[in-house]
There are 2 protein chains.
Amino acid sequence: MTVDDAEPLTRSSALSALAPLSFGTLTLWRAMHNFANDKLLELGLYPGQELILLQLYDSDGQTHTDLQRAVRLDHSTVSRTVRRMEQAGLLTRSPGKKDKRAMVVSLTDQGRALQPRVVELWSTVEAVMAEVLTNDRRADFIELAGRLEQTLLAARRSQKLSNADPAQEGI
Amino acid sequence: MTVDDAEPLTRSSALSALAPLSFGTLTLWRAMHNFANDKLLELGLYPGQELILLQLYDSDGQTHTDLQRAVRLDHSTVSRTVRRMEQAGLLTRSPGKKDKRAMVVSLTDQGRALQPRVVELWSTVEAVMAEVLTNDRRADFIELAGRLEQTLLAARRSQKLSNADPAQEGI
DNA sequence: AGCATTTACTTGGCCGGACACATAACTTGG
DNA sequence: CCAAGTTATGTGTCCGGCCAAGTAAATGCT
């Protein structure tokens, strides 16, 4: 028995009552993640790896920092994910010419060969989600998600600042 | 340097072009998750644990399966998370009276003592998100997220069925 | 040039989360 | 009542993801 057994679902949990926006985001994410995962495993990939591939398909030869910004991950996560993908033969890493610190990540033929399937995978996820939305609502959702993300990022930044610099608060 | 350094953000990655709904969901989730995490660590909790607490605050004495359904997690995840929380003194586990298989999870005083702080945490996250939305858009988002989740769950179920029972496809 | 700072990445450690497999405890058909 | 099937958990294993701390290379400031 795995996680997807949640029945059609009475979304009446304590959680959705207390924080419907947050819990809605959480459960949507989990459903999407699990749905994509099944397909990912068929490609021999693990979640997150396909994001890096997609980013490289768009523009090969990016550094860890480029990837980290695009995919919104911690450096350490990118570092080890990229290493695993290198070991799997999907890509190569080499120090940059101008900046020896910057590891430049490049696709191998094997990594490039996955492109159609990875693109199809995400297109499928997108299509499944889009099929129950009108174009207006679809655009709405995208705009809302973007705005909420920015709001949360800003809130986190200011929260960290005030923690790091408590002197400001007393003034 | 951690993940939140992504600048105000030109959301123009290859990912948001290919699958804006999916990528929007992903990035929103990550932003929310990271924002909540900072606060969670201050309570000595790890992500996911607070969901179980909230569920128990609503109704103490639930089984693993109850919790798993509410929080949308795998049994194995619930199993180990609950064990860790037991070791941390937040709750206790005991076999059910009628059904000895079913582990009944109950709050300890220590676990119950966290209630105000955990509730406040999620209220804060919710408030941060809600503050940039009109009531209409807020309701919209909640409804959309719920619908999308159901769609994805259904898609995953039918996908698994057709994989498990390929004979059906040829007919 | 020379030393402090910043930047790019690596490592170690810990938890979350999923799957596959194993086990104990109901439940059910004959 | 018993064997077969179902249900509720537990375990092992592997990857994702974060933070904290460490190293190396580039920059800046004097």
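Every chain is numbered from 1 and lettered A, B, ... according to where its sequence line falls, protein lines coming before strand lines. Just so you know, these numbers use all the heavy atoms, side chains as well, and skip hydrogens, waters and symmetry mates.
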K.L.:
Rounded to whole Å, how long is the line connecting atom CE of A:Met32 with atom P of D:dG16?
P.N.:
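The distance from CE of A:Met32 to P of D:dG16 comes to 16 Å, rounded to the nearest Å.
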
K.L.:
Answer with yes or no whether the hydrophobic clustering places A:Val71 together with B:Leu18; edges join I, L, V, M, F, W, Y residues whose side-chain heavy atoms lie under 4.5 Å apart.
P.N.:
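In one cluster with A:Val71: B:Leu18, yes.
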
K.L.:
What protein N or O atoms touch nucleotides 13-15 of chain D N or O atoms at under 3.5 angstrom, if any, and at what distances?
P.N.:
{"from": "D:dT13", "atom 1": "O4", "to": "B:Arg80", "atom 2": "NH1", "distance (Å)": "3.0"}

K.L.:
Can you check whether A:Thr77 has a side-chain N or O nearer than 4.0 Å to OP1 or OP2 of D:dC18?
P.N.:
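Yes, within the criterion.
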
K.L.:
Please report, to 0.1 Å, the donor-acceptor pairs under 3.5 Å made by any side chain of residues 127-137 of chain A, with sequence neighbours excluded.
P.N.:
{"from": "A:Thr134", "atom 1": "OG1", "to": "A:Arg137", "atom 2": "N", "distance (Å)": "3.1"}
{"from": "A:Arg137", "atom 1": "NH2", "to": "B:Glu143", "atom 2": "OE1", "distance (Å)": "2.5"}

K.L.:
C:dC9 phosphate, OP1 or OP2: any side-chain N/O from A:Ser79 under 4.0 angstrom?
P.N.:
no

K.L.:
Of all the nucleotides listed (C:dC19, D:dA8, D:dC19), which has the minimum atom distance to the side chain of A:Ser76?
P.N.:
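Nearest listed nucleotide: D:dC19.
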
K.L.:
With a 4.0 Å heavy-atom cut-off, tell me which residues in residues 90-109 of chain B come close to DNA chain C, sorted by residue number.
P.N.:
B:Lys98, B:Asp99, B:Lys100, B:Arg101

K.L.:
With a cut-off of 3.5 Å and sequence neighbours excluded, list every side-chain donor-acceptor pair involving residues 44-52 of chain B.
P.N.:
{"from": "B:Gln49", "atom 1": "OE1", "to": "B:Tyr46", "atom 2": "N", "distance (Å)": "3.3"}
{"from": "B:Glu50", "atom 1": "OE1", "to": "B:Gly48", "atom 2": "N", "distance (Å)": "2.9"}
{"from": "B:Glu50", "atom 1": "OE2", "to": "B:Trp122", "atom 2": "NE1", "distance (Å)": "3.1"}

K.L.:
Please report, rounded to the nearest Å, how far the C1' atom of C:dC19 is from the CG atom of A:Asp38.
P.N.:
10 Å

K.L.:
Does B:Asp66 or A:Thr81 map to a spot on DNA chain D nearer the 5' end, using the closest nucleotide for each?
P.N.:
B:Asp66

K.L.:
Which residue pairs pass the salt bridge (charged side-chain N to carboxylate O under 4.0 Å, His left out) test with at least one member in residues 102-124 of chain B, sequence neighbours excluded?
P.N.:
B:Asp60-B:Arg112, B:Asp109-B:Arg112

K.L.:
Whole angstrom is fine here: how far is it from CZ in B:Arg69 over to C1' in D:dT9?
P.N.:
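B:Arg69 atom CZ is separated from D:dT9 atom C1' by 14 Å.
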
K.L.:
Using the ring-ring contact (aromatic ring centres under 6.0 Å, His included) rule, collect all pairs that involve residues 81-119 of chain B, keeping only residues at least two apart or in two chains.
P.N.:
none

K.L.:
To the nearest 0.5 Å, tell me how far A:Phe23 CZ sits from B:Glu149 CD.
P.N.:
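One gets 7.5 Å once the value is rounded to the nearest 0.5 Å.
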
K.L.:
Just how far, in rounded Å, is P of C:dA22 from NE2 of B:His75?
P.N.:
18 Å

K.L.:
For residues 79-87 of chain A, which side-chain donor-acceptor pairs fall under 3.5 Å, sequence neighbours excluded?
P.N.:
{"from": "A:Thr81", "atom 1": "OG1", "to": "A:Thr77", "atom 2": "O", "distance (Å)": "2.8"}
{"from": "A:Glu86", "atom 1": "OE1", "to": "A:Arg93", "atom 2": "NE", "distance (Å)": "3.2"}

K.L.:
Return the set of residues passing side chain to side chain contact (heavy atoms under 4.5 Å, CB included) with B:Arg101 (not counting sequence neighbours), or none when no residue passes.
P.N.:
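Partners of B:Arg101 by the side chain to side chain contact (heavy atoms under 4.5 Å, CB included) criterion, ordered by chain and then number, come out as B:Asp99.
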
K.L.:
Calculate the interatomic distance between A:Arg83 atom CZ and C:dC9 atom P; express it in whole Å.
P.N.:
13 Å

K.L.:
Find the distance B:Arg30:CZ to D:dG16:P and express it as a whole number of Å.
P.N.:
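Rounded to whole Å, this separation is 11 Å.
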
K.L.:
Specify the separation, in whole Å, of atom NE2 of B:His64 and atom C1' of D:dT11.
P.N.:
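Atom NE2 in B:His64 sits about 14 Å away from atom C1' in D:dT11.
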
K.L.:
In whole angstrom, what separates A:His33's NE2 from C:dG16's C1'?
P.N.:
11 Å

K.L.:
Only pairs at least two apart or in different chains count here, so list each ring-ring contact (aromatic ring centres under 6.0 Å, His included) that has a residue in residues 123-160 of chain B.
P.N.:
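Only A:Phe141-B:Phe141 qualify under ring-ring contact (aromatic ring centres under 6.0 Å, His included).
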
